[in-house]
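Input: a single structure, listed below in structure tokens.
Letters go in sequence order (proteins before strands), and every chain restarts at 1.
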Amino acid sequence: MNEKFLKPYNPKETEDKIYKIWENSGFFNPDNLPGERKETFSIVLPPPNVTGTLHTGHASMLAIEDTIVRFERMSGKKTLWLPGTDHAAIATQSKVEKILEKEGIKKSEIGREEFLKHVEKFAQDSHDTIVSQCKKMGSSLDWSREAFTLDETRHKAVFLAFKKMYEAGLIYRKHRIVNWDPKGQTTISDDEVIRENRKGKMYTFKYSHDFPFPIATTRPETKLGDTAVAVHPDDARYKEFIGKEYSFDFAGEPVTVKIIGDNAVDPEFGVGALGVTPAHSQIDWEIAQRHNLPVKQVINEYGKLTVGMEGVKDTKVEVARAKVVEWLREQNLLIEEKEIDQSVGTAERTGAVIEPLPKMQWWIDVNKPIKDNKSLKDLMLEKVKDGQIEILPERFEKTYFHWIENLRDWNISRQIWYGHRIPAWYQSTEDGRTNNDEEIKISLTSPGENWKQDEDTLDTWFSSGLWTFSTLLDPENYVEDLKEWLKKSPDNIYHPTNLLETGYDIIFFWVARMILMTTFLVDEIPFKTVYLHGLVRDKQGRKMSKSLGNIVDPLDLINSFGADALRMSLIVGVGPGQDNNLSEDKVKAYSKFANKIWNATRFVLENTADFDESKKPNLESRHEEYINEWKNLVKEVTKEMEEYKLYLVGEKLYHFFWHRFADVIIEDCKKDLNDSSKYTLIYLLKEQLKALHPFMPFVTEEIWGLIHDEKPEKLLIIEAWPA
RNA sequence: GCGCGGUUAGCUCAGUUGGUAGAGCGACUCAUUGACGUUGAGUAGGCCAGGGGUUCGAAUCCCUUAUCGCGCACCA
């Protein structure tokens, strides 16, 4: 017996060494797997953002995916788990901006090219950290296929995707209301707007003493940009005024409004009359479109008023609001001031209050009928409704449907530098974005002299949406059509992927977008099953956050307890969609389990050293029963693994090893160490090592090596799953 | 406002076609340094949130109330 067993199991001295053995074996790459493997199994790693380091959520993702991947590999499938990272556009750029600011460097001063160099350096460092952390977790990722959402192959894929969607009329450029982030100085999509419930004030007032009735608003400062007042067409109170026009001075700005009737106005709400501000409100913009109203912008990109009396003009909206209210009061126009609960849109990344502004932007049309009169929305719905894609837990399918039904066109252009630059070219010499009538060419490279590329970059989720297939594209076989390119790439055997495992918080951002993009672009579903894991919370069930100071670094836990223990604590008892309250005690408990396996092995090896297990003795009936009990458990857990119920399997294997094998079977065999006992012990130990391997790969591989004198051809990672 | 979940032992949660309430941790009692950075055996502890219904039978299915959480939302 190896003298290592004289000491307790030491994950620190074991894990890095074992990972290197696996890497050198080449078995992470499905091309190197032994035996004939007809069936494939594939997962693409949800690419972590290159914004820093991995958190417990990532650890959870890696633990779940690696466990599934190892199971499938042991089950004889040609198994690919493909790694990569996400450039994360806005998130990365804003992080680097902050860092540079601390060093006294402003991005406007150093310019686009120089700034991007800083971002790329940062992204590279983050990438390296992420890769090393993935390895620490034991992830059996095929590093030879690693991809990046912003590398050359993915850049070509993004271009082809953009081109195809543009040609199909699904991507269009239009001037309309966007979610403007005044702090980030960019537009963001509807999904990136976080609604916050806040206390606000509703003001009821008259524009002027000559105006016939009052209106109500929470944003009096925007009323300088009003061009109409909308009432319900059947509202008896206001019917007689419809069609009339009024002009007056409002806080130093001449305003002309027309009274219009529109069904969107709820006569029950407020006073039943709505001041229409087309340039600064989504709903007002739509009303304005219906009634051909002029659009008058009075707030700029910095969230400041551009018109009005002194104290209003050139001040931020909050200040201007107070000033306008003060003016109303002085003029005796203010009728009521009421505190209300309102939901305020804020930017996901910067926290700034969103300012709706009209802007020329790129959009994806989700309602336009394409094939068979179906829209992108229909495609997204259909694939899940007809069961081609299954979402776990099932209840998220309802959430998914609900989201799609409310989905509006997706704003994909961003006014930031880091990302895929929009492959649209204009002939204008000045900023091409301001002129809607010019010719547009979609091209990867400049179409010729005097052509200028659009300054904007794409929403990061545009490139992530291609991830399941863009990662499989062969750079050597580039074809100017995504579907053909994929077909010509040898790795297309891995598409559609079997499983997408990710957090439920990005079901809309990512899962839905992947279904949309992949279905349209390559005519395949991106994955068959979606497994959504929950949030990792602290012991008390609180969200981990910087301000609470309760963030746990997975690396610290690995250092203290080993990666196997951390993996188990992230898997056992945590079903899909369920949040996990992670405590150090839980991790500690599983580190004890690793040691329990270690010690049980020592006992078995000590007492079976002289035994030749290849000769199966006649078994005593109770030994036979133990083995049958195990085989029944294997049947049960194999089925559960196939159904991705690993949270149950982990617990059952743990329970069997400790409370059946160690507590009962070993104790029983100990009493009479005959050949039947010895066979039973060594057989059950080995079979359990195989079954536990996907969950606790390090300790099981280490023991396996010690049992087999570390012969390289006897790696547990490629042993067959017990039958 | 619309939608989705949860409510089971002190704590965290299982409970998959409805059939006599489960695990882990914690608590308590005893044993144990003999594979064990100890471990083992055992004990206590639950009107399965409340109410109503379907059923021979409900933690499980339906309705309803309460409560907590989450998602979505252009209510001025």
Just compare [options] and give me whichever is closest to any side-chain atom of [X].
| X | options | answer |
| --- | --- | --- |
| A/R602 | B/rC36, B/rA14, B/rA41 | B/rC36 |
| A/N599 | B/rG37, B/rG40, B/rG71 | B/rG37 |
| A/H655 | B/rG5, B/rA14, B/rG24 | B/rG24 |
| A/L648 | B/rA35, B/rU16, B/rG3 | B/rU16 |
| A/A662 | B/rG40, B/rG24, B/rA35 | B/rA35 |

Considering only the [atom1] atoms, how many Å lie between [N] and [M], rounded to the nearest integer?
| N | M | atom1 | answer |
| --- | --- | --- | --- |
| B/rG19 | B/rA58 | P | 11 Å |
| B/rC28 | B/rG69 | P | 33 Å |
| B/rU12 | B/rA49 | P | 15 Å |
| B/rC75 | B/rA66 | C1' | 28 Å |
| B/rG40 | B/rG24 | P | 10 Å |
| B/rC56 | B/rG6 | C1' | 31 Å |
| B/rC2 | B/rA44 | C1' | 47 Å |
| B/rU43 | B/rG3 | C1' | 47 Å |

task = Using the six-membered ring of A/W285, assess whether NZ or CZ of A/R176 lies under 6.0 Å from its centre and within 45 degrees of the ring axis.
result =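 Geometry flag: not set, cation outside 6.0 Å or 45°.
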key: A/F657 six-ring face occupied by A/K652 cation (under 6.0 Å, within 45°)   =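 No, a cation-pi geometry is absent between A/K652 and A/F657.
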query = Does the ring centre of A/Y504 sit less than 6.0 Å away from the ring centre of A/F396?
reply =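 So the answer is yes for these two rings.
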ask   = Can the ring centres of A/Y654 and A/F593 be said to be less than 6.0 Å apart?
value =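 Yes - the distance between ring centres of A/Y654 and A/F593 falls below the 6.0 Å cut-off.
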query = A/N581 side chain N/O closer than 4.0 Å to the phosphate oxygens (OP1, OP2) of B/rC11?
reply =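 No, outside the criterion.
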ask   = Closer than 4.0 Å, any side-chain N/O of A/K645 to the OP1 or OP2 of B/rU16?
value =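 Checking A/K645 against B/rU16: no side-chain N or O falls below 4.0 Å of OP1 or OP2.
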If I take atom [atom1] in residue [X] and atom [atom2] in nucleotide [N], what distance separates them, rounded to the nearest angstrom?
| X | N | atom1 | atom2 | answer |
| --- | --- | --- | --- | --- |
| A/F593 | B/rU39 | CZ | P | 13 Å |
| A/L532 | B/rG5 | CG | C1' | 14 Å |
| A/Y647 | B/rU12 | OH | C1' | 16 Å |
| A/F603 | B/rA35 | CZ | P | 6 Å |
| A/L646 | B/rA14 | CG | C1' | 15 Å |
| A/Y400 | B/rC72 | OH | P | 15 Å |
| A/M568 | B/rU12 | CE | P | 21 Å |
| A/I571 | B/rU12 | CD1 | P | 22 Å |

query = With no hydrogens and no angle check, do the side chains of A/H232 and A/D262 hold a donor and an acceptor under 3.5 Å apart?
reply =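 Their side chains do not contain a donor-acceptor pair, so the 3.5 Å distance test is not met.
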query = For A/N595 and A/W658, take the nucleotide of RNA chain B holding the closest heavy atom to each; which residue's nucleotide lies nearer the 5' end?
reply =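 Closer to the 5' end of RNA chain B: A/N595.
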inquiry  = Reading RNA chain B from 5' onward, which residue's closest nucleotide shows up sooner: A/E643 or A/K398?
reply    =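 That would be A/K398.
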Inspect the surroundings of [atom1] in [X] and state if more than 12 heavy atoms from other residues, nucleotides or ligands are less than 6.0 Å away.
| X | atom1 | value |
| --- | --- | --- |
| A/K678 | NZ | yes |
| A/E584 | CD | no |
| A/K385 | NZ | yes |

inquiry  = Between A/H402 and A/L407, is there a side-chain heavy-atom distance shorter than 4.5 Å?
reply    =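 A/L407 does not reach A/H402 side chain to side chain.
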Sort out the partner of [N] for me: Watson-Crick or G-U wobble, both distances under 3.5 Å, none otherwise.
| N | result |
| --- | --- |
| B/rC48 | none |
| B/rC11 | B/rG24 |
| B/rU60 | none |
| B/rC2 | B/rG71 |

Base, sugar-phosphate, or nothing for [X], non-hydrogen atoms under 4.0 angstrom?
| X | value |
| --- | --- |
| A/Y504 | nothing |
| A/E651 | sugar-phosphate |
| A/I177 | nothing |

key: Carboxylate-amine/guanidinium proximity below 4.0 Å for A/R513 and A/D191   =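 So A/R513 pairs with A/D191 through a salt bridge.
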What pairs of nitrogen or oxygen atoms, one from the protein and one from nucleotides 73-76 of chain B, lie under 3.5 Å apart?
from   : atom 1 : to     : atom 2 : distance (Å)
B/rC74 : OP1    : A/R408 : NH2    : 3.0
B/rA76 : O2'    : A/A216 : O      : 3.1
B/rA76 : N6     : A/D266 : O      : 2.3
B/rA76 : N6     : A/F269 : O      : 3.0
B/rA76 : N1     : A/D266 : N      : 3.1

message = Does A/K596 contact B/rC36 through a side-chain donor or acceptor facing the base, at a distance under 3.5 Å?
response =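 Yes, a donor-acceptor pair under 3.5 Å.
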